[in-house]
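Quick note on labels: first sequence line is chain A, next is B, and so on, each numbered from 1. Keep in mind that the numbers below use all heavy atoms, side chains included, and drop hydrogens, waters and symmetry copies.
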Amino acid sequence: MIDIQLKDTPLSTTECSDLVASPSTGGTVLFVGTVRDHTKGKAVVRLEFEAYAPMAVSEMRKIAEEAKSRWSADKIVIHHRVGVLAIGEIAVIIAVATPHRVAAFEACQYAIDTLKETVPIWKKEIFEDGEVWVAAHP
Amino acid sequence: MIDIQLKDTPLSTTECSDLVASPSTGGTVLFVGTVRDHTKGKAVVRLEFEAYAPMAVSEMRKIAEEAKSRWSADKIVIHHRVGVLAIGEIAVIIAVATPHRVAAFEACQYAIDTLKETVPIWKKEIFEDGEVWVAAHP
Amino acid sequence: MNVEILAFGIAKDIVKGASFQLDLPAEATVGVLKQQLCSTYPDFERLASFAIAVNEAYRQDDFALNEKDEIVIIPPVSGG
Amino acid sequence: MNVEILAFGIAKDIVKGASFQLDLPAEATVGVLKQQLCSTYPDFERLASFAIAVNEAYRQDDFALNEKDEIVIIPPVSGG
C-alpha cells in the first residue's frame, strides 16, 4: 500500500501511523518534519510551501515505490503540506511499515533524504524584514 | 527533555510527536510498535504486557539519557503500554528530536533495540489453545 | 517554435510570473532552452542550479522539445 | 538469612506466585541465589537466560545480598 497526499490542511501523525499499521507488521517508523523558527540565527515569522503538484505527487510516489521494493516495505505513506504554515506546524510526514524493524528505519531515512533532493516543492521563509526562497542560492 | 511513561491506557502517536516537537528542531523520528496477529504462523488472540514498573521506568530513562548524550538529542519520549492489548494496538512509542535528522534516526533505533534487550517488561501471547511468555525459551 | 513555460519558487520571481512564452528554434532541446533562459534572464545563472521538467518528469539536456509539451522550470527544491 | 524475592513473567509461573521467601547462607551473593533457585526450581535451567535485579538494578554474580534488599528475578524480557 502506498498513500501519497499533497494537501493544504494540517497533517496528522496519528492518521499516518494508523494508515501503515497492520496486524501483520510489528513496527512503524515515522519522520515528522516541522517548521523551524529560525534560519542561520534569523527569526522566521511564517513559511509558505509551493508545489508543482502533479509532479510532486508522482516524484513522491516514485520514492515510495523504490523504498517499497528495496526494503520489502508493506506500506508507505508520504503526506506533504502546502500553503502558509505557522512556526511548529508539520510540513511533512513519512511513515513506513516493514516486516523487520531495521528496514523501516532505512527506508524512512531514504524517503526523506530523497524527497528533499528531488520533489518539486519550494519553501519560502518570511522574516520581519523580507523573504527568501530556501536553497535557491549557493 | 525526557518523558518516560508506563501506562495501562492507549498510547498516542500525536501526543508523543507533539511532546518532542519544538520550534527549534526541524525533525522528529518515531518508532511505533504494534501488537502482531501471529507468531510463527499461529494466530494470537490478544496480548498481556507485565512490567517490573519502577525498574522498567528507570531502565527506559537510562536509555533516553544515553541516546540524548550520544546523539545530542533535544528531546526523547518513551511511552510503553502495560495490561491487556488487542491485536493492532500500540505497545510502545519512541520519539526523538535532534538538531540533525540522521542523528534522530540513529538515536531512535538505538532506543528501541536497547529497550527490547534491557527493559523488564514481559509479553504474554494468548492463543485459542494456550498462552506463552515470549522469549522465555531458547 | 513557441512554447509555454511554467515557473515555480524563485523562478517565478525571476521571470515575474507563473508562466510565460518563449521562442525557440525548431527541434530545440532542453539544453538549448536553458541557454536561452539564461541569456533572456541572467538571474538564472545565479541559482545554485535549475532543472527542466517536461511532461512531469526531469529531462536531460539532450531531450528534444515539442510545441505542446508542458515545460516547467525547477529551481533548487526545498520541501520536507 | 531469609530473603523475599519477587517474580515476573514466566518466573511467576515457575515459582507459582508473585513473591516467595528463600533461605540463603549469610553473605550470599547473586551467584549463590541463582544456584539455589535452579536447585529448588529446576525449570529455571530451561529458560533462555535469567537475571537478578537488586534494589532496581541488574547485578552481577559477585554482588553481595542483604536481608532487606528488593530482589527480583528477571526472566528474558520481551517488551517493545
- Using non-hydrogen atoms only, which part of B/Ser17 is less than 4.5 Å away from chain A: side chain, backbone, both, or neither?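 The side chain, not the backbone.
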- Query: Side chain, backbone, both or neither: which part of B/Val44 has a heavy atom under 4.5 Å from chain A?
  - Reply: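 Nothing of B/Val44, per the 4.5 Å heavy-atom cut-off to chain A.
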- Query: Would you call the rings of B/Phe31 and A/Phe105 parallel, tilted or perpendicular, where under 30° means parallel and over 60° means perpendicular?
  - Reply: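 Taking A/Phe105 first and then B/Phe31, their aromatic rings lie parallel (interplane angle under 30°).
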- Message: With chain A as the partner, which of B/Ala91, B/Ser22, B/Ser12, B/Gly27 has the greatest number of non-hydrogen pairs under 4.5 Å?
- Response: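 Between B/Ala91, B/Ser22, B/Ser12, B/Gly27, the count favours B/Gly27.
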- Task: Mind listing the closest non-hydrogen atom pair of A/Thr34 and B/Ala21 along with its distance?
- Result: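 Reported closest heavy-atom pair: CG2-CB, 4.5 Å.
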- Top residue by heavy-atom pair count (under 4.5 Å) with chain B, among A/Glu15, A/Arg36, A/Glu106?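 The residue among A/Glu15, A/Arg36, A/Glu106 with the greatest pair count is A/Arg36.
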- What option among A/Ile112, A/Val20, A/Ile93, A/Val92 has the most heavy-atom pairs under 4.5 Å with chain B?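 Max contact count across the listed options: A/Ile112.
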- Message: Would the distance check show the side chain of B/Thr14 and the main-chain N or O of A/Thr14 forming a donor-acceptor pair, the cut-off being under 3.5 Å?
- Response: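 Answer holds: yes.
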- Item | From A/Arg101 atom CZ to B/Cys108 atom SG, the distance as rounded to the nearest 0.5 Å |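 Answer rounded to 0.5 Å: 10.0 Å.
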- Message: Just verifying a value: how many Å separate B/Ile90 CD1 and A/Asp18 CG, rounded to the nearest 0.5 Å?
- Response: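 With rounding to 0.5 Å, CD1 (B/Ile90) is 6.5 Å from CG (A/Asp18).
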- Is the closest side-chain heavy-atom distance between B/Val32 and A/Leu30 below 4.5 Å?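 Yes; the side chains approach each other to less than 4.5 Å.
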- Is the NE2 atom of B/His100 crowded by more than 12 outside heavy atoms at less than 6.0 Å?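 Counting other residues, nucleotides and ligands, NE2 of B/His100 stays at 12 neighbours or fewer.
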- Under 4.5 Å from any heavy atom of chain B - which part of A/Val102: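 Both parts, heavy atoms under 4.5 Å.
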- Task: Check whether A/Val29 gets within reach of chain B through its side chain, its backbone, both or neither, counting any heavy atom under 4.5 Å.
- Result: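 Interface part for A/Val29: both.
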